[in-house]
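No experiment lies behind these values; they were computed from the predicted model shown.
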Amino acid sequence: MKLLIDDANIEKIKKLYDLYPIDGVTTNPSILAKSKRNPYEVLKEIRECIGDDELHAQVLSRTAEGMIEEAHKMAEILGKNTFIKVPSIPEGFKAMKALSKEGFKITATAIYTPMQAYLAAKSGADYAAPYVNRIDNLGADGIASTKLIQNIFETNGFDTEILAASFKNSNQVQELCAYGVGAATVAPDVIENLIKNAC
Ligand code: E4P
């Protein structure tokens with residue numbers, strides 16, 4: 001399982017990269033807003049800090065046309081190994097289909113149901129990101145939903161991998177690591193608690 005940092009704070013990113021085997025960084029609009037700076041400036045700084053590792057950045061538009069335009073801008077500014085995070089809404093699937101044909105790397109984000117993940121895979125997404133803890137908060141089971149998504153991908157022969165997101169504790173990360181999901185993006189405080197996880 002790949003391990004990514006779900007944060008945009010440069011100091012925290014540098015510290016975790018120094019200590020742990022990290023594979024990349026994911027951001028979202030609210031994480032970037034915390035810096036109170038131009039989001040593209042922050043993203044460029046993260047890119048400089050992590051080299052060619054995976055960097056995931058989310059589009060803000062709600063229309064497919066707008067998402068596609070943003071994707072072009074992001075890829076141009078942030079370079080190779082940039083994954084365009086596209087929300088798994090109807091216009092998002094339309095954008096994913098077009099962007100995958102153009103060869104963009106795509107992370108289908110904000111996944112709350114296994115069938116959203118199925119549609120994302122069929123639309124050409126490289127990653128599908130189920131929000132484990134937020135699914136729990138809706139009264140469903142985030143871990144069980146993520147495992148079901150893994151089964152759906154395997155059964156249907158999709159190349160799409162899971163990028164599990166929205167963790168509140170290290171045990172959730174451990175459960176999905178043991179199940180063999182492709183990747184997890186985890187907030188710095190939860191990464192630091194991974195070494196304290198008891199079985
Ligand atoms: C992924 O990139 C998501 O934005 C993130 O994991 C959501 O986490 P939260 O539910 O803790 O906000």
For a quick test of reading the model, state the closest non-hydrogen atom pair linking Ser170 to Leu194 and the distance between them. CB-CD2, 3.7 Å

May I ask you to test the Tyr17-Val25 pair for a side-chain heavy-atom distance under 4.5 Å? yes

Under a 4.5 Å cut-off applied to non-hydrogen side-chain atoms, are Ile68 and His72 in contact? yes

Residues pairing under salt bridge (Lys or Arg N to Asp or Glu O under 4.0 Å) where one sits in residues 52-71, two or more places apart or in two chains, turn out to be Lys2-Glu54, Asp52-Lys80

Looking at every non-hydrogen atom in both residues, tell me the closest pair between Ala57 and Met74 and how far apart they are. O-SD, 3.6 Å

Can a salt bridge be assigned to the pair Glu76 and Lys73 using a cut-off of 4.0 Å between side-chain N and carboxylate O? no

What residues form a salt bridge (charged side-chain N to carboxylate O under 4.0 Å, His left out) with Asp189, not counting sequence neighbours? none

My understanding is that only residues two or more places apart in sequence, or in another chain, count here; which of them pass side chain to side chain contact (heavy atoms under 4.5 Å, CB included) with Ile10? Lys14, Glu45, Ile46

In the hydrophobic clustering that connects Ile, Leu, Val, Met, Phe, Trp and Tyr at side-chain heavy-atom distances below 4.5 Å, which members other than Ile135 occupy its cluster, ordered by chain and number? Tyr112, Tyr131, Leu138

Evaluate the side-chain proximity of Asn81 to Arg47: yes if any heavy-atom separation is below 4.5 Å, no if none is. yes

Do Met96 and Phe104 have side chains that get closer than 4.5 Å, going by heavy atoms? no

Neighbour count >12 (heavy atoms, 6.0 Å) for atom CG, Asp159: no

Considering all heavy atoms of both residues, which atom of Gln116 and which atom of Ser88 are nearest to each other, and what is their separation? NE2-O, 2.9 Å

Leu163 side chain near His56 side chain, heavy-atom distance below 4.5 Å: yes

Which pair of heavy atoms, one from Thr160 and one from Ala128, lies closest together, and at what distance? CG2-N, 3.9 Å

Partners meeting salt bridge (charged side-chain N to carboxylate O under 4.0 Å, His left out) with Lys196 (sequence neighbours left out): none

When Thr185 is tested against each of Thr107, Thr26, Asn28, Thr27 for side chain to side chain donor-acceptor pair (under 3.5 Å), which residue passes? Thr26

Is any side-chain N of the basic residue among Lys12 and Glu192 closer than 4.0 Å to the acidic one's carboxylate O? no

Could you state whether Tyr118 and Val132 fall into the same hydrophobic cluster, counting links through intermediate Ile, Leu, Val, Met, Phe, Trp or Tyr residues with side-chain heavy atoms under 4.5 angstrom apart? yes

side-chain hydrogen bond (donor to acceptor under 3.5 Å, both in side chains) filter on Glu154, not counting sequence neighbours, yields Gln150

Less than 4.5 Å apart, any side-chain heavy atom of Asn151 and any of Tyr179? yes

Flag the pair Pro21 / Leu3 as yes when at least one side-chain heavy-atom distance between them is below 4.5 Å, and no otherwise. no

Flag side-chain contact, heavy atom, 4.5 Å: Asp141 against Asp136: yes

